[in-house]
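Hydrogens, waters and symmetry mates play no part in the numbers below; they use all other heavy atoms, side chains included.
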Amino acid sequence: MQSKHPTAAPTPDTAGFSSYFNALRRRLTSSVLYRLGQEPRWGITLFEGDWTRMDAALRSAHPVRNPPGRYFADPFLIEREGRTYCFVEDYVHSRDRAHISVLEIRADGVINLGACLEEPFHLSFPYWFEYQGELYLCPEASASRAVRIYRCVEFPLRWELATIALQGFAALDTLIFEHGGRWWLLTGRSGGTHDPFGSELHVFFADSPLTERWEPLPGNPVIADPVCGRNGGMIREGARLLRVAQWHEHRHYGRRLTVREITRLDETGYSERVVARLEPDFRPGLLSVHHLSSTGRVSAVDHQSWAPAFEPRP
């Protein structure tokens with residue numbers, strides 16, 4: 001039976017309008033700032049304490065100064081013999097690519113110890129792990145279309161190539177760790193023009209992290225979502241595994257990050273749940289935040305903001 005009352009007109013989607021106008025405002029702001037000689041630039045900030053207090057701690061923390069013509073990103077902290085170090089992506093504007101450098105965090109400041117790993121292609125995301133008493137570095141090297149693992153010869157600046165895995169796979173931001181008697185490799189994959197920031201999470205397992213043959217988890221990719229598919233770091237708290245995930249939006253790389261506890265990881269399946277989230281609002285002018293590392297005593301994030309443009313390349 002037809003109602004005596006007219007059908008109510010659909011109400012506007014307030015959240016949708018807000019999202020649209022915020023995106024439009026960011027694009028207009030970007031256009032103006034580019035014309036004024038500004039460009040987005042990454043940097044890192046260190047703070048005392050573990051990651052659980054990052055919201056409050058970051059508001060009073062100061063960023064690490066970028067070197068002239070370069071910037072730091074993707075910080076990975078490590079403690080060795082009572083000292084704290086940080087492996088970073090060290091992007092050189094004149095080369096249009098990055099290498100891996102090491103910073104030492106001291107009571108009186110941050111010291112740049114120099115480059116520890118350089119290749120003729122771009123390197124970033126310098127994730128480290130230990131195996132049989134030795135230290136290894138697995139930076140992102142997607143331009144080589146493989147996962148490259150380097151062994152430490154003399155800490156922290158001398159490394160040698162130990163093995164190459166997943167040949168032909170353009171891996172993004174790889175994590176390698178032991179869990180449940182297996183070694184696990186969690187990585188993204190470069191998706192080209194249709195997926196420029198990487199939205200897929202692939203899981204592989206093996207008996208050794210130095211093998212060239214990793215078994216894919218059935219159903220890979222286990223995640224295909226731009227707001228959580230790509231790794232942004234990892235934190236281990238005893239048996240607890242916490243994967244940091246980058247959150248990408250249309251035309252906006254690394255908008256924010258989430259911390260996600262892995263609740264299932266075995267040879268037949270993978271699952272996780274969100275336990276924390278970080279917005280780029282802890283300092284005025286921030287655009288993005290997409291990486292988190294912590295030793296428990298010291299933590300680090302990276303972030304993007306507007307800065308004076310580098311000098312034009314010759």
Side-chain angles (χ1 to χ4, degrees), residues 51 74 76-78 87 123-142 144-152 161-191 198-225 228-246 257-276 290-296:
W51 67 274
D74 293 352
F76 278 99
L77 295 163
I78 182 172
F87 295 106
L123 297 175
S124 61
F125 200 82
Y127 174 80
W128 64 267
F129 66 91
E130 293 181 287
Y131 176 60
Q132 294 184 344
E134 293 191 284
L135 185 64
Y136 294 87
L137 201 60
C138 181
E140 183 201 305
S142 59
S144 71
R145 299 189 62 80
V147 172
R148 299 169 67 89
I149 299 174
Y150 299 80
R151 179 186 294 107
C152 185
L161 184 63
T163 189
I164 299 177
L166 300 187
Q167 293 271 15
F169 190 101
L172 297 172
D173 300 342
T174 300
L175 305 172
I176 299 177
F177 55 91
E178 188 176 17
H179 172 72
R182 289 281 199 180
W183 280 88
W184 300 89
L185 188 156
L186 277 58
T187 193
R189 180 163 66 179
S190 179
S199 63
E200 296 182 355
L201 179 66
H202 293 252
V203 178
F204 300 83
F205 59 89
D207 292 326
S208 164
L210 302 183
T211 183
E212 296 180 3
R213 300 184 61 183
W214 290 82
E215 294 293 327
L217 201 67
N220 267 344
V222 297
I223 294 175
D225 189 334
C228 61
R230 186 165 175 175
N231 295 321
M234 186 171 187
I235 300 168
R236 296 200 69 159
E237 296 180 338
R240 194 181 187 206
L241 302 173
L242 299 165
R243 184 180 76 91
V244 181
Q246 302 177 22
L257 65 80
T258 54
V259 181
R260 313 169 77 89
E261 181 177 10
I262 297 175
T263 55
R264 178 187 178 187
L265 180 58
D266 56 44
E267 295 172 10
T268 59
Y270 177 90
S271 61
E272 59 183 28
R273 66 184 184 94
V274 177
V275 297
H290 86 332
H291 188 98
L292 169 65
S293 176
S294 181
T295 67

What pair of heavy atoms forms the shortest contact from [X] to [Y], and how long is it?
X      : Y      : value
Ala146 : Ile164 : CB-CG2, 3.6 Å
Ala141 : Arg148 : CB-CD, 3.8 Å
Thr174 : Phe125 : O-CE2, 3.5 Å
Glu130 : Trp183 : O-CH2, 3.4 Å
Ala245 : Arg260 : CB-CD, 3.5 Å

### Ring geometry between Tyr136 and Tyr131 (parallel below 30°, tilted from 30 to 60°, perpendicular above 60°)
tilted
Report the distance from atom [atom1] of [X] to atom [atom2] of [Y], rounding to the nearest 0.5 Å.
X      : Y      : atom1 : atom2 : value
Tyr127 : Ile176 : OH    : CD1   : 7.5 Å
Leu185 : Leu166 : CG    : CG    : 5.5 Å
Arg273 : Leu242 : CZ    : CG    : 9.0 Å

### Message
Centre-to-centre under 6.0 Å for Phe87 and Phe76, is that the case here?
### Response
no
### Message
Pair Glu272, Arg264 - check salt bridge (Lys or Arg N to Asp or Glu O under 4.0 Å), show working.
### Response
CA-CA 7 Å; Glu272 59 183 28; Arg264 178 187 178 187; over 6 Å; no
Less than 4.5 Å apart, any side-chain heavy atom of [X] and any of [Y]?
X      : Y      : answer
Leu135 : Ile78  : yes
Ile235 : Leu292 : yes
Cys152 : Leu137 : no
Met234 : Val244 : no
Glu267 : Phe205 : yes
Glu237 : Trp51  : yes
Leu186 : Leu201 : yes
Thr263 : Leu241 : no

## Note on the structure
Residues passing the side chain to side chain donor-acceptor pair (under 3.5 Å) test with Glu200, sequence neighbours excluded, are His202
### Task
State which residues pass side chain to side chain donor-acceptor pair (under 3.5 Å) with Ser199; sequence neighbours excluded, sorted by chain then number.
Asp195
#### Entry: Full working for side chain to side chain contact (heavy atoms under 4.5 Å, CB included) between Asp173 and Gln246
CA-CA 10 Å; Asp173 300 342; Gln246 302 177 22; 3.0 Å; yes
#### Entry: Distance-only side-chain donor-acceptor flag, Ser190 / Ser142, under 3.5 Å
no
Expected output: side-chain [X] to main-chain [Y] donor-acceptor under 3.5 Å:
X      : Y      : answer
Asn231 : Gly233 : no
Trp184 : Asp266 : no
Ser294 : Gly296 : yes
Thr187 : Leu172 : yes

### Working for side chain to side chain contact (heavy atoms under 4.5 Å, CB included), residues Tyr150 and Trp128
CA-CA 9 Å; Tyr150 299 80; Trp128 64 267; over 6 Å; no
### Task
Answer yes or no: are there more than 12 heavy-atom neighbours, outside Arg240 itself, under 6.0 Å from its atom CZ?
yes
### Query
Taking 4.0 angstrom as the limit, do Arg243 and Glu261 come out as a salt bridge?
no
Contacts table for residues 214-223: side-chain donor-acceptor under 3.5 angstrom, sequence neighbours left out:
residue : atom : partner : partner atom : Å
Trp214  : NE1  : Thr211  : O            : 3.3
Asn220  : OD1  : Val203  : N            : 3.0
Asn220  : ND2  : Val203  : O            : 2.8

### Criterion salt bridge (Lys or Arg N to Asp or Glu O under 4.0 Å) on Glu178 and Arg236, from CA distance to verdict
CA-CA 11 Å; Glu178 188 176 17; Arg236 296 200 69 159; over 6 Å; no
### Task
Walk me through it: do Arg151 and Leu210 pass the test side chain to side chain contact (heavy atoms under 4.5 Å, CB included)?
CA-CA 10 Å; Arg151 179 186 294 107; Leu210 302 183; 4.3 Å; yes
